[in-house]
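Worksheet: the structure to be examined is printed underneath.
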Amino acid sequence: MSAAVIALLLGGAGIAIGATPAQAAETKFNVKCVPPAGGGSPVEGETTAKVTAPASAKVGDEVDVSWETVKPASNNTDLMDIPQDAVQPTGWITVGGGGGELKVVGEKKNPPIPKKAPMVMSVMKGKLKLTKAGKITLTPGKYDVAVTFSFGTFVTKCAPTGAVGVGATIDVAAGSSGGTTTGGTTTGGATTGGSTTTGGSTTTGGSTTTSGGSASGGSTSGGGGGQTDFPGKAVEVAFDCGPVVPGGIKTPVTINAKKNGGSYDLTVKTAKGAMAAPMALPAGALKPSMDVKLGGADSGTVKVSGPANAEPIPDKAPVSLSDMTGTYKPGKSGKVTLSPDQLTIDVTMAPGATPINVPCKATSSGVSLELDTAAQPGGSGSATASGSGTSGGLAETGAEDEGGIKALALVAGTVILLGGAVFTFTPWRRLRGTR
(Lines give C-alpha, C1' and ligand atoms only; values in the text may rest on other atoms or scores of the structure.)
Protein backbone atom coordinates (compact mmCIF):
# COMPACT_ATOMS: atom_id res chain seq x y z
CA MET A 1 0.00 0.00 0.00
CA SER A 2 2.35 2.91 1.00
CA ALA A 3 0.27 0.59 0.85
CA ALA A 4 -2.57 1.56 1.75
CA VAL A 5 -2.23 1.46 0.14
CA ILE A 6 0.62 4.53 -0.79
CA ALA A 7 3.27 7.08 -0.94
CA LEU A 8 4.36 6.67 -4.55
CA LEU A 9 7.26 9.03 -4.77
CA LEU A 10 8.16 8.93 -8.37
CA GLY A 11 9.87 11.00 -10.98
CA GLY A 12 8.43 12.00 -14.29
CA ALA A 13 9.81 12.09 -17.77
CA GLY A 14 8.95 10.93 -21.26
CA ILE A 15 9.81 8.91 -24.34
CA ALA A 16 9.20 9.82 -27.84
CA ILE A 17 7.15 9.05 -30.76
CA GLY A 18 8.16 11.55 -33.24
CA ALA A 19 7.38 12.75 -36.66
CA THR A 20 10.27 12.80 -39.08
CA PRO A 21 13.69 13.40 -37.62
CA ALA A 22 13.11 13.01 -33.90
CA GLN A 23 15.33 14.39 -31.22
CA ALA A 24 15.32 13.82 -27.50
CA ALA A 25 17.20 15.20 -24.55
CA GLU A 26 17.35 14.18 -20.93
CA THR A 27 16.80 16.75 -18.22
CA LYS A 28 17.13 16.42 -14.46
CA PHE A 29 14.98 18.38 -12.06
CA ASN A 30 13.87 18.33 -8.45
CA VAL A 31 10.26 17.51 -7.64
CA LYS A 32 8.03 17.41 -4.58
CA CYS A 33 5.59 14.50 -4.56
CA VAL A 34 2.46 14.55 -2.42
CA PRO A 35 1.00 11.09 -1.87
CA PRO A 36 -2.74 10.48 -1.46
CA ALA A 37 -4.25 10.93 1.98
CA GLY A 38 -2.77 8.47 4.44
CA GLY A 39 0.36 7.47 2.50
CA GLY A 40 3.00 9.50 4.28
CA SER A 41 4.53 12.95 4.17
CA PRO A 42 5.49 14.74 0.95
CA VAL A 43 8.93 13.78 -0.32
CA GLU A 44 11.36 15.68 -2.51
CA GLY A 45 13.76 14.02 -4.91
CA GLU A 46 15.44 14.32 -8.28
CA THR A 47 14.05 12.77 -11.43
CA THR A 48 15.48 12.39 -14.91
CA ALA A 49 13.10 12.90 -17.82
CA LYS A 50 13.51 12.43 -21.53
CA VAL A 51 11.21 14.33 -23.88
CA THR A 52 11.11 13.31 -27.52
CA ALA A 53 9.67 15.32 -30.41
CA PRO A 54 10.50 15.93 -34.09
CA ALA A 55 13.43 18.26 -34.62
CA SER A 56 11.58 20.16 -37.35
CA ALA A 57 8.05 20.53 -38.67
CA LYS A 58 5.87 23.16 -40.29
CA VAL A 59 2.89 25.22 -39.26
CA GLY A 60 -0.27 23.14 -39.43
CA ASP A 61 1.42 19.87 -38.51
CA GLU A 62 0.23 17.83 -35.55
CA VAL A 63 3.31 16.19 -34.07
CA ASP A 64 3.81 13.38 -31.59
CA VAL A 65 5.48 14.26 -28.30
CA SER A 66 6.39 11.83 -25.55
CA TRP A 67 7.84 11.87 -22.06
CA GLU A 68 9.74 8.95 -20.56
CA THR A 69 10.81 8.50 -16.97
CA VAL A 70 14.48 7.57 -17.13
CA LYS A 71 15.05 7.75 -13.38
CA PRO A 72 12.24 8.16 -10.84
CA ALA A 73 12.52 10.45 -7.86
CA SER A 74 11.97 7.53 -5.50
CA ASN A 75 11.23 3.83 -5.31
CA ASN A 76 7.98 2.16 -4.40
CA THR A 77 7.30 2.31 -0.68
CA ASP A 78 7.60 -0.64 1.70
CA LEU A 79 3.84 -0.73 2.28
CA MET A 80 2.78 -3.17 -0.40
CA ASP A 81 3.55 -4.56 -3.83
CA ILE A 82 2.06 -2.85 -6.88
CA PRO A 83 0.37 -5.30 -9.26
CA GLN A 84 1.00 -5.56 -12.98
CA ASP A 85 -0.65 -2.97 -15.24
CA ALA A 86 -1.78 -0.78 -12.34
CA VAL A 87 0.28 2.41 -12.82
CA GLN A 88 -0.86 5.19 -15.16
CA PRO A 89 1.12 8.46 -15.35
CA THR A 90 -0.15 11.80 -16.66
CA GLY A 91 2.17 14.74 -17.29
CA TRP A 92 2.02 18.35 -18.43
CA ILE A 93 4.69 19.80 -20.73
CA THR A 94 5.19 23.56 -20.90
CA VAL A 95 5.20 24.73 -24.52
CA GLY A 96 7.57 27.67 -24.91
CA GLY A 97 7.66 30.00 -27.87
CA GLY A 98 3.95 29.71 -28.34
CA GLY A 99 2.61 29.37 -24.83
CA GLY A 100 0.29 26.80 -23.50
CA GLU A 101 0.61 23.39 -21.97
CA LEU A 102 0.56 19.94 -23.51
CA LYS A 103 -1.02 17.06 -21.61
CA VAL A 104 0.58 13.67 -22.14
CA VAL A 105 -0.82 10.39 -20.80
CA GLY A 106 0.73 6.96 -20.44
CA GLU A 107 -0.88 3.56 -20.73
CA LYS A 108 -1.77 1.63 -17.61
CA LYS A 109 1.05 -0.78 -18.27
CA ASN A 110 3.83 -1.88 -15.93
CA PRO A 111 5.44 -5.06 -14.61
CA PRO A 112 4.73 -6.06 -10.99
CA ILE A 113 6.60 -3.65 -8.71
CA PRO A 114 7.73 -5.13 -5.37
CA LYS A 115 8.00 -3.06 -2.22
CA LYS A 116 11.05 -0.74 -2.29
CA ALA A 117 11.71 -1.55 -5.96
CA PRO A 118 12.21 1.23 -8.53
CA MET A 119 8.96 2.63 -9.87
CA VAL A 120 8.17 1.79 -13.48
CA MET A 121 5.94 4.08 -15.53
CA SER A 122 4.90 3.83 -19.14
CA VAL A 123 5.81 6.45 -21.70
CA MET A 124 3.43 9.42 -21.67
CA LYS A 125 2.30 10.57 -25.11
CA GLY A 126 0.35 13.42 -26.65
CA LYS A 127 -0.12 15.34 -29.90
CA LEU A 128 0.77 18.99 -30.39
CA LYS A 129 -0.81 21.14 -33.10
CA LEU A 130 1.71 23.65 -34.47
CA THR A 131 0.12 26.98 -35.36
CA LYS A 132 3.04 29.41 -35.43
CA ALA A 133 6.47 29.45 -37.05
CA GLY A 134 9.57 29.64 -34.89
CA LYS A 135 11.28 27.57 -32.26
CA ILE A 136 9.00 25.74 -29.86
CA THR A 137 10.53 24.45 -26.63
CA LEU A 138 9.09 21.56 -24.63
CA THR A 139 9.81 21.49 -20.89
CA PRO A 140 8.54 18.75 -18.55
CA GLY A 141 6.57 20.01 -15.56
CA LYS A 142 4.10 18.61 -13.07
CA TYR A 143 2.78 15.07 -13.29
CA ASP A 144 0.34 12.72 -11.58
CA VAL A 145 0.76 9.00 -11.01
CA ALA A 146 -2.41 6.95 -10.52
CA VAL A 147 -2.15 3.43 -9.11
CA THR A 148 -5.22 1.22 -9.31
CA PHE A 149 -5.89 -1.69 -6.98
CA SER A 150 -9.02 -3.83 -6.73
CA PHE A 151 -10.24 -1.56 -3.94
CA GLY A 152 -9.61 1.83 -5.51
CA THR A 153 -7.30 4.21 -7.36
CA PHE A 154 -4.72 6.35 -5.57
CA VAL A 155 -3.07 9.41 -7.09
CA THR A 156 0.30 10.90 -6.18
CA LYS A 157 0.86 14.46 -7.42
CA CYS A 158 4.37 15.69 -8.21
CA ALA A 159 5.55 19.15 -9.21
CA PRO A 160 8.98 20.76 -9.87
CA THR A 161 10.50 22.69 -6.99
CA GLY A 162 12.96 24.67 -9.10
CA ALA A 163 13.98 25.47 -12.64
CA VAL A 164 13.61 22.72 -15.23
CA GLY A 165 15.72 22.46 -18.37
CA VAL A 166 14.23 22.26 -21.85
CA GLY A 167 13.55 18.68 -22.92
CA ALA A 168 13.20 19.21 -26.67
CA THR A 169 12.99 21.97 -29.28
CA ILE A 170 10.98 21.96 -32.53
CA ASP A 171 12.00 24.26 -35.37
CA VAL A 172 8.64 25.16 -36.94
CA ALA A 173 8.73 26.46 -40.51
CA ALA A 174 5.99 28.55 -42.06
CA GLY A 175 3.27 26.50 -43.68
CA SER A 176 -0.09 26.89 -45.35
CA SER A 177 -1.76 28.00 -42.16
CA GLY A 178 -0.31 30.77 -40.09
CA GLY A 179 -2.20 32.02 -37.14
CA THR A 180 -1.42 32.02 -33.54
CA THR A 181 0.02 29.31 -31.44
CA THR A 182 -1.99 27.14 -29.18
CA GLY A 183 0.58 25.22 -27.28
CA GLY A 184 -1.46 22.25 -28.06
CA THR A 185 -4.69 20.88 -26.90
CA THR A 186 -3.75 17.34 -26.46
CA THR A 187 -5.09 13.95 -26.16
CA GLY A 188 -2.77 11.28 -25.05
CA GLY A 189 -5.79 9.37 -23.89
CA ALA A 190 -8.00 9.61 -20.91
CA THR A 191 -6.51 9.37 -17.48
CA THR A 192 -8.03 7.43 -14.66
CA GLY A 193 -6.53 8.58 -11.43
CA GLY A 194 -9.76 9.89 -10.11
CA SER A 195 -10.28 11.64 -6.86
CA THR A 196 -9.71 8.72 -4.58
CA THR A 197 -8.17 9.48 -1.29
CA THR A 198 -6.77 6.54 0.48
CA GLY A 199 -3.75 4.82 1.24
CA GLY A 200 -1.50 7.51 1.60
CA SER A 201 -0.77 11.11 2.70
CA THR A 202 0.11 12.32 6.12
CA THR A 203 0.12 9.97 9.02
CA THR A 204 -2.37 10.79 11.70
CA GLY A 205 -3.91 8.92 14.52
CA GLY A 206 -2.08 10.93 17.16
CA SER A 207 -3.96 14.17 16.74
CA THR A 208 -7.04 13.16 18.65
CA THR A 209 -7.24 13.73 22.33
CA THR A 210 -9.29 11.17 24.15
CA SER A 211 -10.84 10.72 27.50
CA GLY A 212 -9.49 8.39 30.08
CA GLY A 213 -6.70 10.57 31.32
CA SER A 214 -4.86 9.40 34.38
CA ALA A 215 -7.87 8.82 36.57
CA SER A 216 -8.33 5.39 38.02
CA GLY A 217 -10.82 3.18 36.28
CA GLY A 218 -12.48 0.55 38.39
CA SER A 219 -12.22 -0.81 41.89
CA THR A 220 -8.81 -0.52 43.47
CA SER A 221 -8.84 -2.84 46.42
CA GLY A 222 -6.98 -5.62 44.60
CA GLY A 223 -6.38 -7.91 47.50
CA GLY A 224 -8.54 -6.82 50.37
CA GLY A 225 -12.00 -7.65 51.64
CA GLY A 226 -12.26 -10.80 49.56
CA GLN A 227 -13.11 -8.85 46.43
CA THR A 228 -12.37 -10.80 43.26
CA ASP A 229 -14.01 -8.83 40.41
CA PHE A 230 -12.60 -5.47 39.36
CA PRO A 231 -14.52 -3.78 36.55
CA GLY A 232 -12.73 -1.09 34.57
CA LYS A 233 -14.17 1.96 32.88
CA ALA A 234 -14.44 2.52 29.14
CA VAL A 235 -11.81 4.91 27.82
CA GLU A 236 -11.64 6.37 24.33
CA VAL A 237 -8.46 5.24 22.60
CA ALA A 238 -6.93 6.65 19.41
CA PHE A 239 -4.95 4.06 17.46
CA ASP A 240 -2.33 5.04 14.89
CA CYS A 241 -1.84 2.33 12.28
CA GLY A 242 0.87 4.27 10.48
CA PRO A 243 0.77 6.20 7.23
CA VAL A 244 -1.82 3.88 5.76
CA VAL A 245 -4.64 4.91 8.11
CA PRO A 246 -5.55 8.61 7.80
CA GLY A 247 -7.14 9.81 11.02
CA GLY A 248 -6.36 6.59 12.84
CA ILE A 249 -8.98 4.46 14.62
CA LYS A 250 -10.96 5.53 17.66
CA THR A 251 -12.87 3.15 19.91
CA PRO A 252 -13.87 2.80 23.57
CA VAL A 253 -11.85 0.09 25.34
CA THR A 254 -12.61 -1.46 28.73
CA ILE A 255 -10.19 -3.53 30.83
CA ASN A 256 -11.75 -5.79 33.50
CA ALA A 257 -9.86 -7.97 35.98
CA LYS A 258 -10.71 -11.02 38.09
CA LYS A 259 -8.42 -12.06 40.94
CA ASN A 260 -7.02 -15.55 40.55
CA GLY A 261 -4.74 -16.36 43.48
CA GLY A 262 -2.01 -13.74 43.38
CA SER A 263 -2.58 -13.01 39.68
CA TYR A 264 -5.35 -11.29 37.70
CA ASP A 265 -7.23 -12.65 34.72
CA LEU A 266 -7.79 -9.73 32.35
CA THR A 267 -10.57 -9.26 29.81
CA VAL A 268 -10.35 -6.41 27.29
CA LYS A 269 -13.45 -5.37 25.35
CA THR A 270 -13.84 -3.04 22.37
CA ALA A 271 -16.95 -1.58 20.73
CA LYS A 272 -19.54 -3.83 19.10
CA GLY A 273 -20.23 -3.84 15.41
CA ALA A 274 -17.50 -1.36 14.60
CA MET A 275 -16.93 -2.80 11.16
CA ALA A 276 -19.16 -3.79 8.27
CA ALA A 277 -17.82 -6.35 5.83
CA PRO A 278 -18.46 -5.54 2.17
CA MET A 279 -17.54 -9.10 1.28
CA ALA A 280 -18.10 -12.52 2.82
CA LEU A 281 -15.36 -13.44 5.32
CA PRO A 282 -14.51 -17.02 6.25
CA ALA A 283 -14.47 -18.36 9.78
CA GLY A 284 -11.11 -17.67 11.39
CA ALA A 285 -10.44 -14.53 9.32
CA LEU A 286 -9.97 -12.02 12.17
CA LYS A 287 -7.96 -12.49 15.36
CA PRO A 288 -7.25 -9.50 17.66
CA SER A 289 -4.61 -8.96 20.32
CA MET A 290 -3.59 -5.98 22.43
CA ASP A 291 -0.84 -4.81 24.77
CA VAL A 292 -2.11 -3.55 28.12
CA LYS A 293 0.32 -0.98 29.50
CA LEU A 294 1.14 -1.01 33.21
CA GLY A 295 1.82 2.12 35.21
CA GLY A 296 2.21 3.25 38.79
CA ALA A 297 4.00 0.72 40.96
CA ASP A 298 4.59 -1.72 38.10
CA SER A 299 5.74 -1.30 34.51
CA GLY A 300 5.78 -3.15 31.22
CA THR A 301 2.88 -4.66 29.29
CA VAL A 302 0.48 -7.56 29.46
CA LYS A 303 -0.42 -9.26 26.19
CA VAL A 304 -4.06 -10.20 25.76
CA SER A 305 -5.55 -11.93 22.74
CA GLY A 306 -8.92 -13.04 21.49
CA PRO A 307 -10.11 -15.94 19.36
CA ALA A 308 -10.80 -15.57 15.67
CA ASN A 309 -14.37 -15.33 14.47
CA ALA A 310 -15.92 -18.78 14.83
CA GLU A 311 -18.53 -18.34 12.12
CA PRO A 312 -18.32 -16.95 8.59
CA ILE A 313 -19.31 -13.30 8.30
CA PRO A 314 -21.82 -12.51 5.55
CA ASP A 315 -21.34 -9.67 3.13
CA LYS A 316 -22.11 -6.27 4.74
CA ALA A 317 -22.78 -7.86 8.14
CA PRO A 318 -21.55 -6.08 11.32
CA VAL A 319 -18.13 -7.24 12.47
CA SER A 320 -16.98 -7.10 16.10
CA LEU A 321 -13.58 -7.99 17.49
CA SER A 322 -13.69 -10.78 20.06
CA ASP A 323 -12.97 -10.14 23.73
CA MET A 324 -9.25 -10.42 24.47
CA THR A 325 -7.96 -12.20 27.57
CA GLY A 326 -4.65 -12.68 29.34
CA THR A 327 -3.12 -12.97 32.81
CA TYR A 328 -1.26 -10.32 34.79
CA LYS A 329 1.11 -11.55 37.49
CA PRO A 330 2.27 -8.51 39.51
CA GLY A 331 5.98 -7.96 39.85
CA LYS A 332 5.63 -5.09 42.34
CA SER A 333 3.38 -4.24 45.27
CA GLY A 334 1.29 -1.08 45.24
CA LYS A 335 -1.25 0.67 43.05
CA VAL A 336 -0.91 -0.37 39.41
CA THR A 337 -2.76 1.24 36.51
CA LEU A 338 -3.80 -0.61 33.36
CA SER A 339 -4.22 1.25 30.06
CA PRO A 340 -4.92 0.06 26.49
CA ASP A 341 -1.87 0.22 24.24
CA GLN A 342 -1.09 -1.34 20.86
CA LEU A 343 -3.88 -3.19 19.05
CA THR A 344 -2.97 -5.85 16.49
CA ILE A 345 -5.32 -7.63 14.10
CA ASP A 346 -4.18 -10.80 12.35
CA VAL A 347 -6.10 -11.40 9.13
CA THR A 348 -6.22 -14.84 7.48
CA MET A 349 -8.26 -15.03 4.30
CA ALA A 350 -8.02 -18.78 3.66
CA PRO A 351 -7.18 -21.92 5.67
CA GLY A 352 -3.44 -22.39 5.79
CA ALA A 353 -2.71 -18.89 4.50
CA THR A 354 -0.08 -16.77 6.25
CA PRO A 355 -1.79 -14.25 8.56
CA ILE A 356 -1.34 -10.60 7.73
CA ASN A 357 -0.31 -8.65 10.81
CA VAL A 358 -1.83 -5.17 11.16
CA PRO A 359 -0.30 -3.20 14.09
CA CYS A 360 -2.04 -0.08 15.44
CA LYS A 361 -0.30 1.82 18.21
CA ALA A 362 -2.36 3.65 20.83
CA THR A 363 -1.26 7.27 20.58
CA SER A 364 -3.91 8.63 22.91
CA SER A 365 -5.32 6.47 25.67
CA GLY A 366 -6.24 6.51 29.34
CA VAL A 367 -6.34 4.42 32.48
CA SER A 368 -9.19 1.92 32.46
CA LEU A 369 -8.43 0.14 35.72
CA GLU A 370 -6.33 0.52 38.87
CA LEU A 371 -5.41 -2.42 41.09
CA ASP A 372 -3.81 -2.60 44.53
CA THR A 373 -1.35 -5.40 43.90
CA ALA A 374 0.98 -7.62 45.90
CA ALA A 375 4.19 -8.77 44.25
CA GLN A 376 4.27 -12.43 43.27
CA PRO A 377 7.28 -14.72 42.83
CA GLY A 378 8.19 -14.75 39.18
CA GLY A 379 6.11 -11.67 38.45
CA SER A 380 7.90 -9.32 36.09
CA GLY A 381 5.33 -6.69 35.29
CA SER A 382 4.98 -7.92 31.72
CA ALA A 383 3.07 -11.10 31.05
CA THR A 384 2.12 -12.91 27.89
CA ALA A 385 -1.41 -13.70 26.81
CA SER A 386 -2.97 -16.61 28.71
CA GLY A 387 -0.38 -16.13 31.45
CA SER A 388 1.96 -18.64 29.86
CA GLY A 389 5.08 -16.71 30.67
CA THR A 390 6.63 -13.35 31.38
CA SER A 391 8.85 -11.07 29.41
CA GLY A 392 9.57 -7.60 30.74
CA GLY A 393 9.79 -4.52 28.62
CA LEU A 394 7.54 -1.94 27.08
CA ALA A 395 4.85 -2.50 24.50
CA GLU A 396 6.01 -3.12 20.98
CA THR A 397 5.14 -0.41 18.51
CA GLY A 398 4.90 -2.67 15.48
CA ALA A 399 7.37 -0.48 13.59
CA GLU A 400 9.77 -3.40 13.24
CA ASP A 401 7.15 -5.99 12.39
CA GLU A 402 8.79 -8.79 10.41
CA GLY A 403 6.51 -8.42 7.45
CA GLY A 404 6.34 -4.65 7.67
CA ILE A 405 3.00 -2.94 7.47
CA LYS A 406 1.02 -5.20 5.19
CA ALA A 407 -2.25 -3.36 5.20
CA LEU A 408 -3.68 -0.42 3.41
CA ALA A 409 -6.43 1.19 5.40
CA LEU A 410 -8.98 3.93 5.17
CA VAL A 411 -11.11 4.73 8.15
CA ALA A 412 -14.42 6.49 8.93
CA GLY A 413 -16.36 6.26 5.74
CA THR A 414 -13.59 4.93 3.54
CA VAL A 415 -12.12 1.48 3.16
CA ILE A 416 -9.54 -0.51 5.11
CA LEU A 417 -7.67 -3.20 3.30
CA LEU A 418 -6.24 -5.92 5.47
CA GLY A 419 -4.30 -8.05 3.05
CA GLY A 420 -6.98 -9.52 0.80
CA ALA A 421 -9.88 -8.38 2.97
CA VAL A 422 -11.67 -5.09 2.74
CA PHE A 423 -13.65 -3.58 5.59
CA THR A 424 -15.61 -0.40 6.00
CA PHE A 425 -15.19 1.23 9.39
CA THR A 426 -18.03 3.05 11.07
CA PRO A 427 -16.87 6.32 12.70
CA TRP A 428 -15.83 5.16 16.14
CA ARG A 429 -17.10 8.21 17.93
CA ARG A 430 -20.64 7.25 16.94
CA LEU A 431 -20.43 3.93 18.69
CA ARG A 432 -21.91 3.54 22.12
CA GLY A 433 -21.00 1.03 24.78
CA THR A 434 -18.72 -1.96 24.75
CA ARG A 435 -19.26 -5.62 24.50
Side-chain angles (χ1 to χ4, degrees), residues 1 4-5 80 150-151 234 237 239 241-242 244-245 248-256 265-292 302-327 340-362 368 384-388 396 398 401-403 405-428 430-435:
M1 357 108 283
V5 337
M80 64 192 308
S150 60
F151 49 89
V237 184
F239 290 102
C241 303
V244 294
V245 185
I249 301 173
K250 303 178 186 69
T251 179
V253 179
T254 304
I255 302 172
N256 299 320
D265 295 331
L266 304 182
T267 301
V268 179
K269 300 172 179 286
T270 57
K272 286 169 126 182
M275 294 175 276
M279 66 174 64
L281 299 173
L286 304 177
K287 184 175 182 180
S289 63
M290 184 180 289
D291 290 332
V292 175
V302 179
K303 177 75 74 176
V304 295
S305 64
N309 54 301
E311 301 294 331
I313 302 171
D315 183 24
K316 296 182 175 59
V319 179
S320 300
L321 297 178
S322 62
D323 291 348
M324 293 165 276
T325 60
T327 300
D341 202 42
Q342 177 169 298
L343 169 69
T344 301
I345 302 175
D346 288 338
V347 182
T348 305
M349 290 308 299
T354 301
I356 296 172
N357 179 262
V358 184
C360 299
K361 182 179 179 181
S368 177
T384 61
S386 304
S388 59
E396 298 175 0
D401 175 61
E402 181 179 354
I405 299 176
K406 297 181 180 176
L408 177 66
L410 296 177
V411 183
T414 52
V415 183
I416 176 167
L417 170 73
L418 306 176
V422 179
F423 302 97
T424 299
F425 271 71
T426 302
W428 293 96
R430 297 181 187 172
L431 299 174
R432 294 291 182 270
T434 56
R435 297 189 55 188

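This one's a predicted model, so the numbers in the text were calculated from it and none came from an experiment. Worth knowing before you read on, the calculation uses all heavy atoms, side chains too, and leaves out hydrogens, waters and symmetry mates.
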Closest heavy-atom contact between [X] and [Y]?
X	Y	answer
Gln342	Phe239	C-CE2, 4.4 Å
Leu343	Ser289	CD1-O, 3.4 Å
Val302	Thr327	CG1-O, 3.6 Å
Ala234	Pro252	CB-CB, 4.4 Å
Ala310	Ala283	O-CB, 3.3 Å
Val253	Pro340	CG1-CG, 3.6 Å

Q) Can you name the residues that form a side chain to side chain contact (heavy atoms under 4.5 Å, CB included) with Asp346, not counting sequence neighbours? A)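 Residues passing side chain to side chain contact (heavy atoms under 4.5 Å, CB included) with Asp346: Lys287, Thr344, Pro355, Asn357.
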
Q) Are the side chains of Thr325 and Val304 in touch, meaning some heavy atoms are under 4.5 Å apart? A)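 The answer is no; the side chains never approach within 4.5 Å.
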
Q.
Could you measure the distance from the OG1 atom of Thr270 to the CG atom of Asp323? Nearest 0.5 Å is fine.
A.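 Thr270 OG1 to Asp323 CG: 7.5 Å, rounded to 0.5 Å.
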
Q | Check: Ala285 main-chain N/O paired with Asn309 side-chain donor or acceptor under 3.5 Å | A |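 Such a contact is found between Asn309 side chain and Ala285 backbone.
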
**Q.** Lys303 and its side-chain contact (heavy atoms from CB on, under 4.5 Å) partner, picked from Val292, Asp341, Asp291
**A.**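 Per the side-chain contact (heavy atoms from CB on, under 4.5 Å) rule, the option paired with Lys303 is Asp291, out of Val292, Asp341, Asp291.
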
